[in-house]
Every structure is written in C-alpha cells, then in structure tokens.
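Remember, it's 1-based here, ligands and their atoms both numbered in the order they're listed. Heads up: numbering here begins at 1 and tracks the sequence. Note that the structure is a prediction, hence the values are computed from the model and not measured. Quick note: numbers below take in every heavy atom, side chains included, and nothing from hydrogens, waters or symmetry partners.
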Amino acid sequence: MSVFTVGICQMGVVTDKQANIDKARRMIGETAASGSRLVVLPEMFNCPYQSELFPQYAESRPDGPTIAMLSECAAKHNIILVGGSIPERDAAGNIYNTSFIFDETGKLIGHHRKIHLFDVNIKGGTVFQESKTLAAGNSMTVVNTSLGTLGIGICYDVRFPELARSMALKGAQILIYPAAFGPVTGPAHWELLLRSRAVDNQVYVIGAAPALNAAAEYKAYGHSMLVDPWSRVLTVANAEETIITGKIDLRTLVRVREELPLLQHRKPEVY
Ligand SMILES: NC(=O)CCC(=O)C(=O)O
C-alpha cells in the first residue's frame, strides 16, 4: 500500500518497567485506533536511559515480557510495529540496544542492534557511555513489509550518513530511528540530522523519541518527527507525552527521485 498513516508514540518513560510496558500497550492501541498502520515507539521505552540500569531491565528473545507485549499488540491491532528499543540480553550474556519489528500477524520480522554506541563527553553538556554495559550490533537492518521497505537505525546511528545511504541503496524507503536525544544536541542537531538523512537519500524519515520526564536523570528532548523525501517536516511533537500521526505517500518518494535523480547521479567509482 503506497499511502498510509504512521503513528509515533512519544511516551514518557519511568523507573517501573511494568508501568512502561502497560503504557506502551495503551499508546499503541490508541495510535492504531486513530488509523495508523505503522506504529513506532522510542529508544529504551521500557527502561530509564541510564547505562547502569540496562542490565537490570534487559530481557531475552523470544519470551521477554516487553517482546511478548509488542507481538501481541501488532497482531491485535493488525499493524506493522517498530518496537522502539529495549535492552536485549543474548545467550552469551551480552546486552544490546535492540529494536524488534513485527508484522500484522505479530511475527517478528526483524531486529536491529544499535551499531554506533553513544559514548560522548560534551563539555558542559551530555556525558554518556553506552559501552559501559552495552555491546554494539554489527549488521544493517532493512525489512520488507506490506507497507514498504523499512531501514532501522537507533538514535546515534542517525549521525552516520553511510548507514542511511547503504540502507537506501538496499531499497529502504522509510528510515526509522527510535531515539533519545538530550537537551544539548537535541536542539542543535536532531531536526538537522533527520532532514539531512531524508534529503540525502530521498526517503521518508521517522524519529521517535521519549517524552521529557523532569524527574529522570537523562532529560529527553522529545520532538518526535516525520520528514518526507523532500525534507519537509510533516509532523513534529513538542517535549511532552503525546501521539503524533502523519501520512506517508510513497508516490512522493517516486516523484522526488524522478525529478531530482540523485541516487542515479552518484559516481561511486570517483569517490
Ligand atoms: N541515545 C543516543 O544515542 C543519543 C544520541 C544523541 O543524543 C546524539 O546527539 O547523537
């Protein structure tokens, strides 16, 4: 289907994991009821965004309660669901920042482990070290669905144009970034990065963020957003908990690429 509604759940995340799961379930239901066929959650939506807490909230495939809730919701509401991300523990005990993707039957059709870990030290701003507790993913995630081809990255992954370009060249039409930018780089770079990935690759881009929780140690910037292949911001949230929706029309992608054939004009043999 080339025209459909996408919904982004900009949920506030609290310390109680079960409360986060319950809220995600409610917000997914509301978003689907408003007509969204593709629903996206934010990064680390079942867990406060704090490195030292990731092991405590981590769960394994396929039986973890968050993963089970996502599968159940996708099937119940007949939607494609990009389940933000959660801390995932593998059989060897490594923990990843992982997004799980489900089809309308609730089947797990893909997962993305965050490739670029957020290890930064911004003077007077954010200090964060995901690698304290997380391992990095090592593969790209492009998933075919009934609505189109999705390319998935998680937050800091959006800063790497090579990843977005590679996903676009593999056929991704909609790049989806569950994310949690903070109060310093959020205002400076969030919209710029999402719009850049859209204009570079002539794709739709979705950024799904948690709401600002004033009590949390990490202050999320919010501002979930849908950007079209011409780099227009179609819908954007503020910092509060909310659901935003927007229309994706894949004919726009085709038209923009016909009018301005960037991807055909590349000269990889030169650079
Ligand atoms: N959760 C993240 O990866 C945060 C990335 C971020 O804030 C950035 O500026 O990049």
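- Side-chain atoms of T252 and D228 include no donor-acceptor pair closer than 3.5 Å.
- Within the cation-pi definition used here (under 6.0 Å to the ring centroid, within 45° of the axis), R113 qualifies as a partner of Y96.
- Heavy atoms of F181 found under 4.0 angstrom from ligand 1 belong to the backbone as well as the side chain.
- What sits closest to atom 10 (O) of ligand 1 on the protein, heavy atoms only, is R159 NE, 2.6 Å.
- In this structure, the side chain of D22 does not engage the main chain of A19 through any donor-acceptor pair within 3.5 Å.
- In this structure, E43 is part of the shell of residues with a heavy atom less than 4.0 angstrom from ligand 1.
- Contact record, A74 with D103: CB-O, 3.4 Å, taken as the closest heavy-atom pair.
- Close contacts of ligand 1 with Y49, meaning ligand atoms under 4.0 Å from a residue heavy atom, involve 1 (N), 2 (C), 3 (O).
- The shortest separation from a heavy atom of Y221 to ligand 1 is not under 4.0 Å, leaving the residue out of contact.
- Between the R197 side chain and the V158 main chain, a donor and an acceptor come within less than 3.5 Å of each other.
- Between E130 and ligand 1, not a single N/O pair is under 3.5 Å apart.
- Judged by distance alone, the side chain of T235 and the main-chain N or O of L226 form no donor-acceptor pair under 3.5 Å.
- Taking atom 4 (C) of ligand 1 as the reference point, the nearest protein heavy-atom neighbour is C155 SG, 3.1 Å.
- Counting atoms of ligand 1 from 1 in the listed order, those under 4.0 Å from a heavy atom of T185 are 6 (C), 7 (O), 8 (C), 9 (O).
- Aromatic ring centres of F181 and Y221: separated by at least 6.0 Å.
- Each of the following atoms of ligand 1 lies closer than 4.0 Å to a heavy atom of A180: 1 (N), 4 (C).
- Under 4.0 angstrom from ligand 1, there are no non-hydrogen atoms of F128.
- Protein heavy atom at the shortest distance from atom 3 (O) of ligand 1 is K114 NZ, 2.7 Å.
- A donor-acceptor distance shorter than 3.5 angstrom exists from the side chain of R257 to the backbone of N201, with no hydrogens or angles considered.
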